[in-house]
Amino acid sequence: MTAHDKTVLLNTLMRFIEESISPQERRDITCEMCRRLTGFNIEKYLNNTHNNRKLKIKRGNSTENDNYTGVCGEITMDTDCNTIRVHDGSTPGGTTMARADTVTDMTGTDYVIEWQMPTPENNYTWYRKYKSGWIEQGGRSTDKAQFCVKMVDNLYVIVSMLSLQRTNGNNCYPEAITAYGFNIYQSGYNDGYGVSNNIPVQWTVIGRWC
């Protein structure tokens, strides 16, 4: 094998290992190739250097990163933003990891950590739980307000109790108030054919969740 052939082979192999293997594997193969092709052992020189196993990942500007689809598990660096991208093998540009100096300080800020939307399947009950322990919840019932989330006690505020049919009067009152809910008393709804106590009522409470 001529010197030129060795150079071509070396360049080809280096291009292959640059794309496919870890930095440590790349170092080991490079040392072995150098020993076999030239008879020169560079391993002992590398072992005498400091920080000789630093990791250097692929890098490029934001546009280059946006147009690059890396293999699953690959990491690249955005040199414009000084951020890294984690790739999954299919998403162009990968997923950008947040920098510590760009994360918003949420100290003293309250926010929703869990919620439920009202649907026919959950009898139109809903709630919003906040990080601080605050909660808003409500629902629709004829005789009992059954909470989705237990309150810390029975000192919550009943914001509203609204009959879905308000004509001719239908007064609503809470009774037997507990941390799990309360009973709904209706004074009666006169629809012209008699008095009914079975009218749907929408209710809303606020307070602290347990």
Side-chain angles (χ1 to χ4, degrees), residues 62 65-66 69-70 72-73 75 78 80-210:
S62 297
N65 274 271
D66 291 341
T69 301
C72 185
I75 298 175
D78 185 330
D80 287 339
C81 304
N82 284 329
T83 55
I84 61 173
R85 313 271 190 107
V86 177
H87 297 270
D88 58 9
S90 60
T91 305
T95 301
T96 302
M97 299 291 99
R99 287 171 34 178
D101 59 348
T102 61
V103 176
T104 302
D105 183 5
M106 300 296 289
T107 303
T109 302
D110 203 8
Y111 51 87
V112 175
I113 59 172
E114 187 179 312
W115 65 89
Q116 174 178 289
M117 299 296 291
T119 66
E121 289 72 25
N122 60 33
N123 198 28
Y124 299 100
T125 54
W126 60 271
Y127 67 87
R128 289 190 294 266
K129 289 174 65 175
Y130 292 82
K131 176 179 175 292
S132 63
W134 190 254
I135 188 169
E136 305 159 348
Q137 56 182 323
R140 171 180 173 180
S141 181
T142 58
D143 57 353
K144 184 174 180 62
Q146 186 68 46
F147 296 162
C148 304
V149 181
K150 178 187 175 184
M151 304 296 258
V152 71
D153 51 37
N154 64 351
L155 301 179
Y156 50 84
V157 176
I158 301 175
V159 178
S160 66
M161 293 178 60
L162 178 65
S163 171
L164 299 185
Q165 300 180 26
R166 290 175 290 178
T167 58
N168 297 326
N170 181 38
N171 296 320
C172 307
Y173 304 96
E175 293 184 328
I177 300 174
T178 72
Y180 297 92
F182 55 86
N183 295 333
I184 299 174
Y185 171 78
Q186 300 189 55
S187 63
Y189 164 71
N190 189 343
D191 59 2
Y193 298 94
V195 176
S196 171
N197 293 315
N198 195 34
I199 304 302
V201 172
Q202 289 180 331
W203 53 270
T204 304
V205 301
I206 58 175
R208 296 172 56 216
W209 56 275
C210 183

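The structure presented is a predicted model; accordingly, all values stated were derived computationally and were not measured.
The distance from the CG atom of D66 to the OG1 atom of T96 is 7.5 Å, given to the nearest 0.5 Å. Between atom SG of residue C148 and atom CG of residue N122 there is a gap of 6.5 Å, rounded to the nearest 0.5 Å. Note: I84 CD1 to T95 OG1 = 11.0 Å, rounded to the nearest 0.5 Å. Here the CD1-OH distance, from I135 to Y130, works out to 10.0 Å after rounding to the nearest 0.5 Å. Between the OH atom in Y127 and the CD atom in E114 there is a gap of 3.5 Å [rounded to 0.5 Å]. L162 contributes atom CG, which lies 7.5 Å from atom SG of C172 (distance to the nearest 0.5 angstrom).
At least one side-chain heavy atom of Q137 sits under 4.5 Å from a side-chain heavy atom of V205. Contact of the M151 side chain with the D153 side chain is not registered, since no non-hydrogen atoms from C-beta on lie closer than 4.5 Å.
Taking every heavy atom of both residues into account, W126 and P118 meet most closely at CB-CD, 3.6 Å. The nearest pair of heavy atoms linking N123 to R140 is ND2-O, 3.4 Å. The nearest pair of heavy atoms linking I206 to Y156 is O-CB, 3.3 Å. When all heavy atoms are compared, the tightest approach of S62 to R85 is O-NH2, 3.7 Å.
A donor-acceptor pair under 3.5 Å links the side-chain atoms of D110 to the main chain of K131, judged by distance alone.
Under 3.5 Å, the side chains of S141 and Q146 contain no donor-acceptor pair of N or O atoms.
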List the atom pairs, donor and acceptor, that lie under 3.5 Å between side-chain atoms in residues 175-182 and the rest of the protein, sequence neighbours left out.
from: T178; atom 1: OG1; to: Y180; atom 2: N; distance (Å): 3.1
from: T178; atom 1: OG1; to: G181; atom 2: N; distance (Å): 3.3
from: T178; atom 1: OG1; to: G181; atom 2: O; distance (Å): 3.2
from: Y180; atom 1: OH; to: K150; atom 2: NZ; distance (Å): 3.3

Only pairs under 3.5 Å count here: list side-chain donor-acceptor contacts from residues 87-94, not counting sequence neighbours, and write none if there are none.
from: H87; atom 1: ND1; to: G70; atom 2: N; distance (Å): 3.2
from: H87; atom 1: NE2; to: T76; atom 2: OG1; distance (Å): 2.9
from: D88; atom 1: OD1; to: S90; atom 2: N; distance (Å): 2.9
from: D88; atom 1: OD1; to: S90; atom 2: OG; distance (Å): 3.4
from: D88; atom 1: OD1; to: T91; atom 2: N; distance (Å): 2.8
from: D88; atom 1: OD1; to: T91; atom 2: OG1; distance (Å): 3.2
from: D88; atom 1: OD2; to: T91; atom 2: OG1; distance (Å): 2.8

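Classification of the W203-F147 ring pair by plane angle, with boundaries at 30° and 60°, yields tilted.
Taking D80 as the reference, nothing meets the salt bridge (charged side-chain N to carboxylate O under 4.0 Å, His left out) condition, with sequence neighbours excluded.
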